[in-house]
Amino acid sequence: MNRLFLPAETPVEQALHGLAAAHPGLLDLHEDPLYVTARERHPARRVGLVSGGGSGHEPLHTGFVGAGMLDAAVPGRIFASPHNRQVYEASKAVAGPEGVLHVVKNYTGDRINFGIAAERLRADGIPVRRVLVDDDLATESEETATGRRGTGATVLVEKLLGGAADTGAGLDELAALGAEFAAASRSVAVAARAQTAPSRGGEAFALPDGTLEYGVGIHGERAATTVEHPGFERLVDRMTAQVADALPATTGSVLLLVNGLGATTLLELYAIHARVSETLGKRGLEVAGRLVGTFVPALDMSGFSLTLTALREDWAAHWHAPARTPAFPAPESAR
């Protein structure tokens, strides 16, 4: 039995129709090719911000289109990169007087298709740069040729870039800032149950009772290690320490994302958040901004990820800048 409540034909298209109908004041839906654009744009913004990737990770990326964040998002099929024509047309539609900036997760398909679109845009005389998000510690090893995957930090990078773009920053400045935001971010994820395989139903992979997939990917990629469940406190403390220890030099302030992978309840996520916040405080790290919820799921996987961004003082204003999108909440300052 397939646990997913999706139509057999054109599930991504129907979902985007539903998203646009639910937020008619925020989004415009374009169907040939498929992408969404923001209806509002800060008058000071000179560079269009475009991101995208496979579907199944909602609200990433389409839920973060709107004033203060992305100008356009390009969805692929479930767990598949969008076509370069989608990226090209969306970028042309929202390019500012100084061009367009692509925010790309570090996956081969995304890099290739955004790269082809960028070449076409440059041939049209539209300046374009790319920010590559590569935060996943599970793939930080010499054996991983592609390097760290792009995961939960994408949301934080998109928000910071949106705030910076609304100050009137130019393309080169935003590209440099985006690279710094990504370099300051690290994540790790764990799962107790795999996501449903959308093509056949049933779990994409099986885990024995009492075990966890430590370092799982957002497309349901198996982790390098299946471990015995160590219990709530030891698991959360291990993940918090791993991510905090991997951060570059920090002034002592961080952004924190506690992210559900699809089937994890808010009851669980808030309990995790409480433990992480306490542990970070003991390490002398102040949480200057936080998100708790399901922002980058892997369909209906049972699990969660932790993301930290080492926050420079001059970046805080970008995080707290106004944003109006279908899925991004008003960020809270640490109390």
Side-chain angles (χ1 to χ4, degrees), residues 49 51 60 64 68-69 101 103-106 130-141 147-167 169 173-190 215 218 236-259 269 272-293 295-296 304-321 323 328-329 331-335:
L49 297 182
S51 192
L60 191 80
F64 304 126
M69 287 192 72
L101 182 67
V103 183
V104 183
K105 300 189 301 303
N106 188 25
R130 181 178 74 179
V131 170
L132 190 69
V133 183
D134 57 347
D135 54 303
D136 187 7
L137 291 171
T139 49
E140 185 176 54
S141 73
R148 294 187 302 266
R149 296 176 293 215
T151 60
T154 311
V155 181
L156 307 183
V157 171
E158 289 174 352
K159 177 62 183 71
L160 290 165
L161 278 172
D166 285 352
T167 69
E173 181 182 357
L174 286 174
L177 274 173
E180 292 177 349
F181 298 154
S185 303
R186 297 291 187 272
S187 301
V188 70
V190 66
I218 61 170
V236 176
D237 290 354
R238 173 185 174 181
M239 295 172 69
T240 305
Q242 181 181 3
V243 178
D245 288 344
L247 289 178
T250 173
T251 60
S253 294
V254 296
L255 301 177
L256 166 63
L257 168 62
V258 178
N259 172 62
L269 295 177
I272 293 162
H273 172 253
R275 183 76 182 186
V276 174
S277 298
E278 178 184 1
T279 302
L280 292 173
K282 291 178 179 177
R283 296 174 68 101
L285 293 174
E286 176 194 5
V287 180
R290 65 191 82 214
L291 293 174
V292 183
F295 294 92
V296 189
F304 68 95
S305 64
L306 299 182
T307 300
L308 292 174
T309 297
L311 188 68
R312 282 189 356 206
E313 186 175 349
D314 56 323
W315 296 351
H318 303 324
W319 176 255
H320 295 296
F328 196 88
E332 294 280 347
S333 297
R335 292 181 174 85

Contact summary for Leu280 and Val287, nearest pair of heavy atoms
CD1-CG2, 3.9 Å
Looking only at heavy atoms, the pair that brings Leu256 and His273 closest together is CD2-CD2, 3.7 Å
What residues, two or more places apart in sequence or in another chain, satisfy salt bridge (charged side-chain N to carboxylate O under 4.0 Å, His left out) together with Arg149?
Asp136
Between the CG atom in Leu161 and the CH2 atom in Trp315, the distance rounded to the nearest 0.5 Å is 10.0 Å
Between Arg283 and Asp245, does any side-chain N to carboxylate O distance fall below 4.0 Å?
yes
Keeping the roles fixed (side chain from Lys159, backbone from His318), state whether a donor-acceptor pair exists under 3.5 Å.
yes
In short, Phe181 meets Thr309 closest at the heavy-atom pair O-CG2, 4.2 Å
Indicate yes or no: at least one non-hydrogen side-chain atom of Thr151 is less than 4.5 angstrom from one of Val296.
no
Between Thr167 and Ala164 (side chain of the first, backbone of the second, donor and acceptor by atom type, cut-off under 3.5 Å), is there such a pair?
yes
Could you check if a side-chain atom of Gln242 sits within less than 4.5 angstrom of a side-chain atom of Leu137, using non-hydrogen atoms only?
yes
Can you name the closest pair of heavy atoms from Ala153 and Ser187 and give their distance?
N-OG, 3.9 Å
In this structure, which one of Val104, Val155, Thr154 forms a side-chain contact (heavy atoms from CB on, under 4.5 Å) with Val133?
Thr154
To the nearest 0.5 Å, atom CG of Leu49 lies from atom CG of Leu174 at 6.5 Å
Could you tell me the separation between the OG atom of Ser51 and the CD atom of Glu158, rounded to the nearest 0.5 Å?
4.0 Å
The reported gap from OG1 in Thr240 to NZ in Lys282 (rounded to nearest 0.5 angstrom) is 11.0 Å
Aromatic plane relationship, Phe64 with Phe295 - under 30° parallel, 30 to 60° tilted, over 60° perpendicular
parallel
Short side-chain donor-acceptor distance under 3.5 Å, Arg312 and Ser253:
no
To the nearest 0.5 angstrom, please state how far the CE atom of Met239 sits from the CG atom of Leu306.
4.0 Å
State the CG-OG distance between Leu160 and Ser185, to the nearest 0.5 angstrom.
7.5 Å
Measure the shortest side-chain to side-chain distance between Leu255 and Leu308 over non-hydrogen atoms and say whether it is less than 4.5 angstrom.
no
Main-chain N/O of Leu311 paired with Thr251 side-chain donor or acceptor, under 3.5 Å
yes
Could you tell me if the side chain of Phe328 sits less than 4.5 Å from the side chain of Leu291, heavy atoms only?
yes
